[in-house]
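Only one structure is covered here, and it is reproduced in the block below.
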Amino acid sequence: MTAFPTVEKVQYEGPDSDNPLAFRWYNPEEIVEGKTMKEHLRFTVCYWHTFRGSGADPFGMGTMQRPWDDGTDSVENACNRARVAFEFFEKLDAPFYAFHDRDVAPEGSSLSHTNEIFDSVAAVLKEEQERSGVKLLWGTANMFTHPRFMHGAATTCNVDVYTYAAAQVKKAMEVTHMLGGENYVFWGGREGYMNLYNTDMKRELDHLGQFFHMAVDYAKEIGFKGQFLIEPKPKEPTKHQYDSDAAACINFLRAYNLMDHFKLNIETNHATLAGHTMMHELDYAGMQGALGSIDANTGDMLLGWDTDQFPTDYYLTTQTMLCLLKYGLAPGGVNFDAKVRRESFEPIDLFHAHIGGMDAFAKGLKVAAAIRADNALGQIVEERYSSWNSELGKKIESGSVGFKELEALMLEKGDAQVQRSGRQELCENIVNRYLDKV
Ligand code: XUL
Ligand code: CO
């Protein structure tokens, strides 16, 4: 039985190929900066959009045609869907996948029943991982869909719900560990507030800090060595999500003494909702030693919500890869937290979407590596800051002078001189030049 009878394993055919089911840029074994593309990019298919996305939006019901899915919440359907997913990962040549507990396994009549169902589906996932060699990049718990989480999970006002959330994360960590997951993600679902009149923000954040410490302790207990990741997002579903952006997450991690245990999973559309570029978020996380993984997607300039589209823009992927090459990514990966449009309802569209995203990142990787090989942007940055290489610059950077010494120097000199252009336009032209060249 095959769910995708018209698709063979997708192969690299090079930039001149007209075959819509071939890679034009993603050549898994091609070496870039000493590593294969496969090792750099660690492409990941996300289960929730690709296998659970129905195409429903706030204005209309689902549109997706998924012939393998009987539309029920039966365990059999969940197991069958899992097998179809692995056929997809293999044909796409994607080395990783990622899931929420409730995407792969439906909820039962009680927590213990839910856990039993999860175990049954996890057994199929394990079998399929072993058969195919596809690995789990990360697991996570969905603590936002069910009505019990209306006030949040680890930041809820209700201690029972908090307790449920702890039990659910415990189980999701165990299953992630059993499946050899390389990371475990916390995206703060409904961890935030709609209105401060009814919210004790300090108490909620203290609870969240406590929750993460429990996760760290439990990981030690079960020997889970995967990387914990927090995924920043500024809004949606709540008005204010506590993990707003990279800076807010890092401040939270420092305040609650968690910096040693967590890194960040940076998502493009979340960065733009926060009023930042993806490059900003990656650079900010990277410079703090906290860049863990990325959720690769893109928003729409004219729609103000988290549209989670597949990324195809070479500027975006080049900028992303400039940061990834600078800071490194493993054990994270490039996870397509992206969904096909509601109108792209046929199974084949799932291939078009992923192939386009993978190619865009592979090209971005090559362009970024070429820019770095010639130090084309680095040189401009070095020149721009060259005044700091002076004796004075060194003294300031090493913290060996204070205001008094600086004042004395400037009183003697009379005024400061600005000697360097920012060369922004030149930098933009350089990126275009490398996009043409590669
Ligand atoms: C939501 C989002 C999530 C996380 C995993 O905006 O990005 O899918 O990636 O919970
Ligand atoms: Co995400």
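Fair warning: this is a prediction, and the values are worked out from it, not measured in the lab. When a ligand or atom number is given, it counts from 1 through the structure's own listing order.
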Among the N, O or S atoms of [X], which one sits nearest to the Co ion (ligand 2)?
| X | value |
| --- | --- |
| D295 | OD2 |
| D337 | OD2 |
| E267 | OE1 |

Indicate whether the side chain of [X] and that of [Y] have a donor and an acceptor atom separated by less than 3.5 Å.
| X | Y | value |
| --- | --- | --- |
| S74 | E76 | no |
| T72 | D70 | yes |
| D200 | Y193 | no |
| N142 | D101 | no |

Could you tell me whether [X] and ligand 1 have an N or O pair separated by under 3.5 Å?
| X | value |
| --- | --- |
| W48 | yes |
| W138 | no |
| W187 | no |

D306, D245, N269 screened by side-chain hydrogen bond (donor to acceptor under 3.5 Å, both in side chains) with K233, the one that passes: D306
For ligand 1, which atoms sit closer than 4.0 Å to a heavy atom of [X]?
| X | result |
| --- | --- |
| D337 | 2 (C), 3 (C), 4 (C), 7 (O), 8 (O), 9 (O) |
| D295 | 9 (O) |
| D306 | 6 (O) |

Distance under 6.0 Å and angle within 45° of ring axis: R66 vs F345: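 R66 over F345 ring: no.
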Residue pair E221, K170: steps toward the salt bridge (Lys or Arg N to Asp or Glu O under 4.0 Å) verdict: CA-CA 11 Å; E221 206 173 316; K170 174 179 176 288; over 6 Å; no
Contact with ligand 1 for H270, non-hydrogen, under 4.0 angstrom: yes
H100, Q241, E236, E267: member with heavy atom nearest to atom 10 (O) of ligand 1: H100
For ligand 1, the portion of N265 having any non-hydrogen atom under 4.0 Å away: neither
Ligand 1 versus D308: contacting region, heavy-atom distance under 4.0 Å: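 Under 4.0 Å from ligand 1, D308 contributes no heavy atoms.
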Pairing of D283 and K326 as salt bridge, 4.0 angstrom limit: yes
Flag side-chain contact, heavy atom, 4.5 Å: H49 against F336: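 They are not in side-chain contact.
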Metal proximity, E231 vs the Co ion (ligand 2), N/O/S cut-off 2.8 Å: yes
